[in-house]
Amino acid sequence: MRLLVSRQNIGLWAAQYIQKQIQDFGPTSSYPFVLGLPTGGTVLDMYKFLCDFYKSGRLDFSHVVTFNMDEYVGLAPQDPRSYHFYMKKNLFAHVNLPRKQAHILNGQSADLQKECDAYEKAIQDVGGIHLFLGGVGRNGHLAFNEPGSEFTSRTRPVVLEPSTRRANARFFDGDESRVPLKALSVGIGTVLAAREILFLASGEEKAQAVARLSLGEITTQWPITALKTHPKATLLIDEPAAFLLEGAVREKLLAQQKKNPQSMTWSVEI
Ligand code: GLP
């Protein structure tokens, strides 16, 4: 995998990358460009720039199909804390993505496992995901795959860790007890099946999880390390998220910074 440290806004970098991928793919009516999409605070800028690109005529979503990575169990789509609401507010309401091409798991389904199985099938039916975007939890989770999740896991109902509910309480009036106990989430295997992966992490509260990538060990206890097993994965981070990196990865980055002090990004293969 590639670790990319950026001094510029990582949301802008990601939005420009997505724009190029969609444009290079080109519009064909039978083959859409399929994106895996995240929620969370880290990717808000990315969505803002994608909306700007659409408004200024630089991006067309008519041949894009999207699959969101997760949703809380029990929240209605109209609930401002649901990921349905988040997506509508931050992307879908502002761009020309046809409604039927945007998929989000239904956390209110009467049969949650059936909902998850149908989601996996829908991803297969459209030919798989071209680019899976994501954020990283403080405990290294990917989507809602908490520590211990198998790297082969697929879309399923999951129980949230207390630390995740604490971290996400900020979206629930700061009240951890209001954060749902369960969610539906694509699996780590679902993410790894994508042709390409771009995950983002910013801020020093993510530094501990990011640092696991510099320790060599690939372990289900740190789902973020699953990225190392994918042939085309990038983790894009800002400088605060990089500050606990260790060993050879740290050395390589420092050497690059010394060589190219004016550069906006430094990357290292790990
Ligand atoms: C939630 C989401 C994850 C996301 C994480 C980080 O737990 N399910 O997909 O990566 O939040 O969110 P933030 O970017 O707000 O730190």
Side-chain angles (χ1 to χ4, degrees), residues 6 9-11 13-15 35-50 66-75 79-87 89-91 103-105 107 116 119 129 131-149 153 155-174 176 178-192 194 197-210 212-213 222-227 233-238 240-242:
S6 176
N9 184 310
I10 62 170
W13 195 100
L35 273 176
L37 293 180
T39 52
T42 310
V43 289
L44 280 171
D45 276 354
M46 177 184 91
Y47 286 130
K48 187 175 86 53
F49 287 114
L50 287 176
T66 65
F67 287 89
N68 264 80
M69 45 174 33
D70 45 20
E71 177 58 289
Y72 290 109
V73 165
L75 295 191
D79 188 316
R81 301 156 308 178
S82 74
Y83 290 163
H84 276 79
F85 192 93
Y86 172 107
M87 289 309 300
K89 180 176 170 200
N90 294 303
L91 185 70
H103 303 85
I104 308 187
L105 285 153
C116 293
Y119 206 68
I129 292 177
L131 177 61
F132 217 130
L133 301 153
V136 176
R138 294 173 199 199
N139 62 1
H141 72 219
L142 306 180
F144 271 135
N145 292 283
E146 299 286 27
S149 302
S153 54
T155 308
R156 67 206 186 289
V158 293
V159 175
L160 301 180
E161 286 275 312
S163 65
T164 295
R165 294 180 65 231
R166 226 170 6 257
N168 289 358
R170 66 193 195 279
F171 300 113
F172 292 80
D173 301 323
E176 189 183 328
R178 292 194 194 178
V179 183
L181 293 163
K182 290 184 187 167
L184 301 183
S185 175
V186 296
I188 296 182
T190 319
V191 174
L192 293 178
I197 300 173
L198 173 62
F199 272 56
L200 282 68
S202 64
E204 59 183 59
E205 67 271 20
K206 303 291 169 68
Q208 206 193 350
V210 170
R212 302 309 297 195
L213 296 172
W222 288 92
I224 189 173
T225 62
L227 297 178
T234 298
L235 180 68
L236 171 64
I237 62 175
D238 63 6

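Note that this is a predicted model, so its numbers are computed, not measured. Remember, it's 1-based here, ligands and their atoms both numbered in the order they're listed.
The shortest contact between atom 14 (O) of ligand 1 and any protein heavy atom is with T42 OG1, 2.4 Å. Atom 5 (C) of ligand 1 has H141 NE2, 3.7 Å as its closest protein atom, hydrogens excluded (heavy atom only). Regarding atom 8 (N) of ligand 1, its nearest protein heavy-atom neighbour is D70 OD2, 2.7 Å. Atom 6 (C) of ligand 1 has V136 O, 3.5 Å as its closest protein atom, hydrogens excluded (heavy atom only). In this structure, the protein non-hydrogen atom closest to atom 15 (O) of ligand 1 is R170 NH2, 2.4 Å. G40 CA, 4.0 Å is the protein heavy atom nearest to atom 12 (O) of ligand 1. For atom 4 (C) of ligand 1, the nearest protein heavy atom (residue, atom name, distance) is T39 O, 4.1 Å.
Atoms CG and OG1, on N68 and T39 in that order, are 6.5 Å from each other to the nearest 0.5 Å. With values rounded to the nearest 0.5 angstrom, T190 atom OG1 is found 9.5 Å from M69 atom CE. Considering NZ of K48 and CG of N90, their distance stands at 11.5 Å, rounded to 0.5 Å.
Heavy-atom distances between K206 and ligand 1 reach below 4.0 Å in at least one pair.
Contacts of Y83 with ligand 1, taken as heavy-atom pairs under 4.0 Å, involve the side chain alone. Using a 4.0 Å cut-off between heavy atoms, A143 contacts ligand 1 through its backbone alone, with no side-chain atom that close.
Using cut-offs of 30° and 60° on the angle between ring planes, the pair F199 and F132 is tilted.
For an aromatic pair to be called close, the ring centres must be under 6.0 Å apart, and F172 with Y72 satisfies this.
Where the criterion is an N or O separation shorter than 3.5 Å, residue side chain and backbone included, G137 fails it with respect to ligand 1.
The two residues A226 and L192 come nearest to each other via the heavy atoms O-CD2, 3.5 Å.
Every atom of ligand 1 with a heavy atom of G135 under 4.0 Å away is listed here by number and element: 10 (O).
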